[in-house]
Amino acid sequence: MALKGTEVLGIEFGSTRIKAVLINESFEPVASGAHDWENRLENGIWTYHTEDIWDGLRDAYSKLNADCEEKFGQKIKTLSAIGFSAMMHGYLPFDKDGNQLAQFRTWRNTITGEAASRLTERWSIAHLEQAILNGEEHVKDIAYLTTLEGYVHWKLTGRKVIGVGEASGMFPIDSETNDYNADMLDKFSKLPEVSKYDWNIRDILPKSLVAGEEAGFLTEEGARLLDPTGELQAGIPMCPPEGDAGTGMVATNSISVRTGNVSAGTSIFSMIVLEKMLSKVYEEIDMVTTPTGMPVAMVHCNNCCTDLDYWVKLFIEFSKLSGGELTKPQVYDLLYGEALKGDKDCGGLVNFNYFSGEPVTHLESGRPLFIRKENAQMSLANFMRAQVFSTMGALKIGMEILENEQVAIDRLTGHGGLFKTEYVGQRLMAGAFNTPVTVMETAGEGGAWGIAILAKYAADKTGESLDDYLNNRVFSSCKSSTVEPDAADSEGFDAYMKLYKKGLIVEKSATENI
């Protein structure tokens with residue numbers, strides 16, 4: 001088997017890994033490469049250096065090529081399409097000559113407190129507003145403002161564009177035009193602290209494009225940035241660059257109204273595609289869009305499986321101490337399985353998995369905390385059930401806002417570490433949110449696969465909507481399992497949440513005194 005030149009490349013810049021995936025005409029990954037990287041805390045700002053971006057990209061692509069040589073006996077020369085994705089939000093300003101004006105500010109930064117009183121905290125525009133309020137010198141020279149994948153796409157194509165899903169993380173989007181909200185642009189421009197600058201916000205933002213639109217072609221200079229060996233040819237079409245939220249929706253086939261996905265790993269977040277806009281703005285909810293411009297309510301919580309993993313490691317230590325020979329996955333499976341045997345309400349046990357602050361519950365910092373009532377039913381099963389429930393506690397509080405807004409959800413698709421043990425996390429989440437939860441066999445492919453699908457969709461030009469394209473072509477034969485909510489699980493989780501909410505004052509006290 002050889003490379004045909006019809007393959008599609010998707011590359012995603014995640015928070016800890018840059019991953020490159022090559023897919024064939026059947027959407028199957030045929031080769032991959034990855035580069036590990038870490039953000040740096042410098043001058044109080046979480047950032048990645050510019051050289052980190054390009055060195056990491058070239059390394060991931062080089063490893064992809066090495067994989068191709070091993071499997072096909074050849075390197076990549078041409079492709080039918082390329083797509084780039086990255087961590088959503090962020091702040092990368094440039095002057096008229098293309099010089100970077102300030103260090104890259106990632107989604108992880110929560111330094112926009114003053115601006116966030118008027119603007120949603122994670123939006124790129126909030127970072128710009130905060131830089132203005134700080135009186136930062138570089139602001140006067142801004143000619144272009146973009147995010148990470150928008151920056152890489154620009155350098156590889158010369159086009160200052162971005163996918164509408166990622167654009168919605170920069171500035172609010174008008175769902176009728178799939179462009180930045182004109183009224184809000186005017187309001188921002190008229191702010192006294194903004195109007196003194198020579199630039200206009202309309203001129204410095206990248207153009208918003210929906211999935212399938214033409215977004216430029218790989219230039220000769222861009223080809224050398226990606227592949228310094230000179231093998232890769234220029235002229236390859238590239239799709240609108242999208243954020244990891246959008247590629248996650250694509251990879252889980254969750255872009256239709258009344259569907260959503262929950263990513264549960266180090267952090268946990270839900271993305272729910274809405275039939276209509278919410279009645280008002282909520283600071284706990286990020287309003288974004290699908291890659292086609294449909295409104296999406298995003299509930300993002302900073303803490304999920306980290307605390308649970310520490311407890312499991314404790315049991316692994318005990319297993320070894322007792323002479324046991326269980327593998328790590330076996331211990332996880334045994335303990336997760338015990339969670340299904342516990343009392344539905346965890347028997348009076350409650351856990352707070354807060355390794356860091358939690359915006360949804362309005363805590364600026366966190367302390368992992370396990371509490372039990374004086375008459376609690378202390379058992380391993382109840383303990384593990386409380387641990388799993390804890391991963392969903394803050395998310396449930398955010399999702400209750402959507403429940404009160406009467407947002408209908410027909411199906412949630414789960415992906416991430418919480419679902420590695422078959423069935424357990426899926427069943428308990430179905431009960432927690434009283435909604436069927438589906439897990440697909442492709443869920444582990446991730447955002448690089450998702451952006452590769454978007455690139456192929458743009459290249460194929462079938463005339464289908466993205467929704468139909470995913471259902472009829474990509475996921476038509478995909479295997480999946482769906483678990484319906486169990487009434488007893490739902491009642492038990494509701495009882496657990498009553499204790500959880502009462503215990504938040506204890507968690508707050510712990511952050512102030514321990």
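Just the heavy atoms: all of them, side chains too, but no hydrogens, waters or symmetry mates, feed the values below. Here the structure is a predicted model, which means the values were calculated and not measured.
- Residues Leu395 and Val262 have side chains in contact (heavy-atom distance under 4.5 Å, counting atoms from C-beta outward).
- With values rounded to the nearest 0.5 angstrom, His415 atom NE2 is found 10.0 Å from Leu412 atom CG.
- Ring geometry for Phe475 against Trp449 counts as perpendicular: the plane angle is over 60°, on a 0 to 90° scale with 30° as the lower cut.
- Judged by distance alone, with hydrogens and angles left aside, the side-chain atoms of Asn24 form a donor-acceptor pair with the main-chain N or O of Ser26 at under 3.5 Å.
- Checking side-chain atoms of Glu176 against main-chain N and O of Asp174 turns up no donor-acceptor pair under 3.5 Å.
- Side-chain atoms of His153 come within 3.5 Å of backbone atoms of Ala215 as a donor-acceptor pair (strictly under, hydrogens ignored).
- Listed by chain and residue number, nothing satisfies the salt bridge (charged side-chain N to carboxylate O under 4.0 Å, His left out) test with Asp307 (two or more places apart in sequence, or in another chain).
- By the 6.0 Å and 45° rule, Lys396 does not stack over the aromatic ring of Phe433.
- The ring pair (Phe, Tyr, Trp, His ring centres under 6.0 Å) analysis of residues 247-276, with sequence neighbours excluded, yields the pairs Phe269-His300.
- Between the side chain of Glu129 and the main chain of Ala131, no donor-acceptor pair closer than 3.5 Å is present.
- Shown here is Glu69, whose CD atom has more than 12 heavy atoms of other residues, nucleotides or ligands within 6.0 Å.
- No side-chain heavy atom of Thr6 sits less than 4.5 Å from a side-chain heavy atom of Thr78.
- By the salt bridge (charged side-chain N to carboxylate O under 4.0 Å, His left out) test, Glu231 pairs with Lys77, sequence neighbours left out.
- The minimum heavy-atom distance between Ser480 and Thr438, with the atom names listed, is CB-CG2, 3.8 Å.
- Ile82 and Leu218 make their closest contact through CD1-CD2, 4.2 Å (heavy atoms, listed as atom of the first residue, atom of the second, distance).
- Using a 3.5 Å distance cut-off with no hydrogens or angles, the side chains of Thr421 and Asp333 do pair a donor with an acceptor.
- Nearest heavy atom pair, residue Ala455 against residue Gly83, reads CB-N, 3.8 Å.
- Ionic pairing of Glu464 and Arg473 is present here: one or more N-O contacts between side-chain nitrogen and carboxylate oxygen are shorter than 4.0 angstrom.
- Using a 4.5 Å cut-off on side-chain heavy atoms (C-beta onward), Pro368 and Tyr310 make no contact.
- Rounded to the nearest 0.5 Å, atoms OG (Ser168) and CD1 (Ile173) are 6.0 Å apart.
- Cation-pi geometry between Lys420 and Tyr332 is not met at under 6.0 angstrom from the ring centre and within 45 degrees of the axis.
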List the steps, then state whether side-chain contact (heavy atoms from CB on, under 4.5 Å) holds for Met287 with Met298.
CA-CA 6 Å; Met287 288 304 303; Met298 179 180 186; over 6 Å; no

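- With values rounded to the nearest 0.5 angstrom, Thr146 atom OG1 is found 3.5 Å from Tyr144 atom OH.
- Between the CD1 atom in Ile53 and the OH atom in Tyr48 there is a gap of 9.5 Å [rounded to 0.5 Å].
- With Glu213 contributing its side chain and Val210 its backbone, the two residues share a donor-acceptor pair below 3.5 Å.
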Could you pull out every donor-acceptor pair under 3.5 Å between side chains of residues 30-38 and any protein atom, sequence neighbours left out?
residue: His35; atom: ND1; partner: Asp59; partner atom: OD2; Å: 2.7
residue: Trp37; atom: NE1; partner: Gly14; partner atom: O; Å: 2.8

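- Note: Tyr151 and Phe94 have parallel aromatic rings, judged against thresholds of 30 and 60 degrees for the angle between ring planes.
- For Arg411, the salt bridge (charged side-chain N to carboxylate O under 4.0 Å, His left out) test picks out no residue, with sequence neighbours left out.
- The shortest distance between side-chain heavy atoms of Tyr61 and Leu232 falls below 4.5 Å.
- Ion pair Glu51/Arg58 not flagged as a salt bridge, since none of the NZ, NE, NH1 or NH2 atoms sits closer than 4.0 Å to an Asp/Glu carboxylate oxygen.
- Contact check for Ile142 versus Asp95: no side-chain heavy atoms found under the 4.5 Å cut-off.
- Under a 3.5 Å cut-off, the side chain of Thr290 and the backbone N or O of Met294 do form a donor-acceptor pair.
- Counting non-hydrogen atoms of other residues, nucleotides and ligands closer than 6.0 Å to CD of Glu364 gives a total of 12 or fewer.
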- request: Take Asn253 and Asn471 through the test side-chain contact (heavy atoms from CB on, under 4.5 Å) and record every step on the way to the result.
  value: CA-CA 8 Å; Asn253 194 21; Asn471 285 317; 3.0 Å; yes

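- Remark: side-chain polar atoms of Asn353 are paired, donor with acceptor, to backbone N or O of Cys304 under 3.5 angstrom.
- Residues Gln100 and Thr50 come closest through the heavy atom pair OE1-OG1, 2.8 Å.
- A 4.5 Å side-chain heavy-atom check between Ile11 and Ile451 finds every atom pair outside the cut-off.
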request  = List the steps and the verdict of salt bridge (charged side-chain N to carboxylate O under 4.0 Å, His left out) for Lys63 and Asp67.
outcome  = CA-CA 6 Å; Lys63 289 174 179 173; Asp67 195 28; over 6 Å; no

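- A 6.0 Å sphere centred on NZ of Lys276 holds no more than 12 heavy atoms belonging to other residues, nucleotides or ligands.
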side-chain contact (heavy atoms from CB on, under 4.5 Å) between Val299 and Ile285, intermediate numbers included: CA-CA 5 Å; Val299 182; Ile285 308 290; 3.4 Å; yes

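- Of the possible polar contacts, one joining the Ser85 side chain to the Glu242 backbone as a donor-acceptor pair under 3.5 Å is found.
- Pairing each heavy atom of Gly398 with each of Val360, the nearest pair is N-CG1, 3.7 Å.
- Taking all atoms of both residues into account, the shortest heavy-atom contact from Pro206 to Ile162 is CG-CG2, 3.9 Å.
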Does Val407 form a side-chain contact (heavy atoms from CB on, under 4.5 Å) with Ile272? I'd like the steps, not just the answer.
CA-CA 9 Å; Val407 172; Ile272 311 300; 3.9 Å; yes

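- Screening residues 245-268 for salt bridge (charged side-chain N to carboxylate O under 4.0 Å, His left out), with sequence neighbours left out, gives Arg258-Glu275, Arg258-Asp410.
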| task | Start with the C-alpha gap between Phe27 and Tyr469, add the side-chain angles, then the distance that decides, and say whether ring-ring contact (aromatic ring centres under 6.0 Å, His included) holds. | result | CA-CA 12 Å; Phe27 308 97; Tyr469 185 85; 5.8 Å; yes

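- If you take OG1 on Thr147 and CE on Met87, they are separated by 10.0 Å, rounding to the nearest 0.5 Å.
- Here the straight-line distance linking atom CD1 of Ile125 with atom CG of Leu145 works out to 7.0 Å at 0.5 Å rounding.
- Side-chain atoms of Leu22 and Leu64, non-hydrogen and from C-beta on, do get closer than 4.5 Å to each other.
- Taking the side chain as every heavy atom from C-beta outward, Ser124 and Leu205 never approach each other to under 4.5 Å.
- A donor-acceptor pair shorter than 3.5 Å cannot be found between the side chains of Thr462 and Asp460.
- Side chain of Ser254 to backbone of Thr252: a donor-acceptor contact under 3.5 angstrom is found.
- Asn472 places a side-chain N or O within donor-acceptor distance of the main-chain N or O of Asp468, the cut-off being under 3.5 Å.
- Side-chain contact of Tyr423 with Ser481: a donor-acceptor pair under 3.5 Å is absent, judged by distance alone.
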